[in-house]
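Chain letters run A, B, ... following the sequence lines, proteins first and then strands; every chain starts at 1.
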Amino acid sequence: MAAAVLAVSALVAIPIGYLIVRVIQGGWSKIAEIISRPRTWELAANSLVLSGLVGITVLVIGVVTGWLITRTDLPNPRVWLVLSTLPLAVPSYVIAYTWLAVTPRFTGFWAAWLVLSVSTLPYVVLASTAVLRTLDAAQIDVARVMGENTWGIFRKVEWPHMRGAAVAGMLLAVLYALSDFGAVAMLRVDTLTRAVYTAYRASFDRYSAAVLALILVAIGLMVVALEARTRGSVIRARVGRGVRRESEKIALGRWRQPALVLLSLPVIVGLVVPALVIGVRVVLASAQGIDYLRLLQAALTSVGLGVAGAILALMFSLPVGVAVARYRSRVGRVGEVIALVTQGVPGVVVGLSLVVVGLTFAWPLYQTVFMLIFGYAIVFMARSVGVVRSSLERVPPVLEDTARTLGSGPAAVFRRVTLPLAGPGVAVGFLLVLLAIMKELPVTLFLRPTEMRTLATELWTKTEIVSYSEAAPYALALVLLAAVPTYLLSRPRKVSEPVVA
Amino acid sequence: MQRTALKALAAALLATSLAGCAGTSTSDTAAQDSDGALTMYSGRNEEFVGPLLEEFQTQTGINVDVRYGDSADLAAQLLEEGDRTPSDLFWAQDAGALSSVALGGLATSLPTDVVSVVPAEFRGPSEQWVGVSGRMRNFVYNKDKVSTGELPKSVTELADPKWNGRVGIAPTNASFQAFVTALRLSAGEEAAEKWLRDLKANGAKLYEKNSQVVQAVNDGEIDLGLVNHYYVYALKDELGETKAENGFFAPNDPGSLVNIAGVLITPKGSKDPDARVLLEWLLSASTQQKIVDQLREYPVVASVSAPSGLPVLSEIPGPGVALNDLADLPATLQLLAKVGLV
């Protein structure tokens, strides 16, 4: 397994490795020139402030949302969870675009903050609800008996349990905000990522682009390091005796209205308005005639690529997740960190790095569907490795130890004990990667076989010029298809937590 | 490998059968070692050139696999691929992308007898690329908000307080940057910088794409925007009536720069006679006429006249800047960054 962990860690290092090579090729003078430019630091500050604010916003609102849904007597909590998760199905560039269609004044820093926040909020909502659902009422009851009020229980019992998962969700949001180009460009906010694209697109300068992207990597590393520090040494696995039961719900009382408003706002911004705008445009488009065959082909391609890529990403994630969770593997941890940091790197850089590596080491596979799926797995492994690892961490090692003492070999233990217990986490990882692939554009454009069309590439083709209504059916298909894995993500999972007697 | 071989075989079979049906003979060289298949990287949008290339396939039986993308992204991809690129031709949105690929050694000299129909100013150095269609920088204005008497004669007027907060530009767009390069080269660095600063101070609104500028003019968000001449037609096609209308600066104004979209042939493509067939086809009078009719762009050959309603190219000499000089983009970018527009 060590070999597998090493191999996966090496593979995920491709994009950043490529950047380092290009930066070195560019020479010190290029680095010095870019670093000495005040503009560079202005852009870095913009990126940092934007992604930082998005992170804080989604952490606070996401945790509150998760808490309201699981721990209070909010009406229809299941419906609210599904609604709060669904903005994940709408690509951020589509949210930005539809809001621009509503009002052209929707531009600038705060517009970008809003769009990026609502489209990444579900990561934290999902993480928070997942933890709170499985929290044992006994712990809360003990705290209550000790005289803690609702806030005290949250601070001393609930938060310590959910902190790791919620902050991990926030990390994905921050890295997404760092690397986002589509929404930021449309809303006209200057960030480092936009500067990387400009360097490629305006001056054909791969070296400047690489230096700028490496600054993003440094910011990403910093953010990942901060996240790692919040991971305490809390024992995540439950080892007590007795049957786990749910705690009593807290009555919201006069807080019900404000709570409903808080839950509605992100849903309106990230789901309702985009859906309405797309709906109107689809009606306009259907008057002009829609090429359904082409739409269907693109949809099937998107789904097929998504499923294949997600399976491969999981195959990459499992050894790394197991190595980190069970054996405290250094190599595995490095692989996980690199995979995470890569999330903050603009897609154009990742795409080009895979072009180079594909040509050098896998020439016959270049611009085939295999290369594309491989690229997806590398790019989005970070989404699944975290959930795989944390779900393993919630499985008490005692179970595996017991299986070993009963005579099972390591492989059998993994197959019969570890994997089934980590199952729900693996499923979540699969769905997260599937979603990400369906919405992905830049890597698809670089690596797809020539003439292959996905919903995202078709959407890009149509919006590059002004045929907005022609784009709408593709946007609708993308959102509807992405809503399926999103809905599955929000469903309550079977409580896999075992009881150790 | 096997897949590629199969695909090529299938394409060849298709090509022969199609050629048989159509009964048209392509050029003599094509018969020698043509495989009846080409791969093209296209920075031009599928909506624009897809129908044209389909016509080429039906007419010649040569199958063209087109990889669509952003011109600059495809240029970067070509440069990363080097000799191993699967592409035979690259159709780029602008001369800058073509030049960067040529500088990277991935453009071959085009056959002189084919490209000589195009004026020298629309060809790259050593015939490494050739223009296929032209587009002019101009402005769109909202006809409810700007009277015809008020229309600017020169782009430099837009820094005037009278246009405060009314003008939109797309400073990260390649054609805007080509125009700034032309301005730098024709009016001088200092004048260009002063104009850009004045424009910014005058409350010019910044957009990501030309199409958004046109949309904003039509929505009344701004009164006038600097774009290319064909964007307003695309909007009219979609909406029917528009408030946005085309306007043109005076001849010789830097605001009237003519830029091209063009093609180059890679070293791989130079070994395939089909690439030459496609090049000839693109520059033929009938295709040039289609470019005028369907894309409403300027033809690059003298035998075809400009789209109706547009100024004749020879009457708009532009700022007198050679397209090759537009490759001086890094300096333009530095200037734009210095004044804080990108």
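A ring-centre distance under 6.0 Å is found for Phe179(B) and Phe176(B).
In terms of heavy-atom pairs under 4.5 angstrom with chain A, the leader among Leu103(B), Leu79(B), Asn210(B) is Leu79(B). For the set Met452(A), Glu42(A), Arg188(A), the entry with the most heavy-atom pairs within less than 4.5 Å of chain B is Arg188(A). In terms of heavy-atom pairs under 4.5 Å with chain A, the best-connected choice from Arg84(B), Glu221(B), Lys205(B) is Arg84(B). Here Ala97(B) is the residue among Ala216(B), Ser71(B), Ala178(B), Ala97(B) with the most heavy-atom pairs under 4.5 Å with chain A. With chain A as the partner, the residue from Ser87(B), Pro86(B), Ala75(B) showing the most heavy-atom pairs under 4.5 Å is Pro86(B).
For chain A, no part of Val232(B) is nearby; none of its heavy atoms comes within less than 4.5 Å. Only the side chain of Tyr41(B) comes within contact range of chain A, judged by heavy atoms closer than 4.5 Å. Contact annotation for Leu447(A): only backbone heavy atoms (N, CA, C, O) come within less than 4.5 Å of a heavy atom of chain B. With a threshold of 4.5 angstrom between heavy atoms, Thr107(A) does not approach chain B through any atom at all. Using a 4.5 Å cut-off between heavy atoms, Arg37(A) makes no contact with chain B at all. Looking at Asp73(B), the atoms closer than 4.5 Å to chain A (heavy atoms on both sides) sit in the backbone and in the side chain alike.
Applying the side chain to side chain contact (heavy atoms under 4.5 Å, CB included) rule to Ala261(B) yields the partners Arg44(B), Trp91(B), Ser133(B), Arg135(B); only residues at least two apart in sequence or on another chain are considered.
By the 4.0 Å N-to-carboxylate-O rule, Glu440(A) lies too far from Arg448(A) to be salt-bridged with it. Ion pair Glu81(B)/Lys268(B) not flagged as a salt bridge, since none of the NZ, NE, NH1 or NH2 atoms sits closer than 4.0 Å to an Asp/Glu carboxylate oxygen.
Under the 3.5 Å distance criterion, with hydrogens and angles disregarded, a donor-acceptor pair is assigned to the side chains of Asn228(B) and Ser175(B). Remark: the Gln297(A) side chain and the Arg294(A) side chain contain no N/O donor-acceptor pair separated by less than 3.5 Å. Between the side chains of Thr444(A) and Tyr376(A), a donor-acceptor pair is found at a separation under 3.5 Å.
Without hydrogens or angle criteria, Gln367(A) side chain to Pro449(A) main chain gives no donor-acceptor distance under 3.5 Å.
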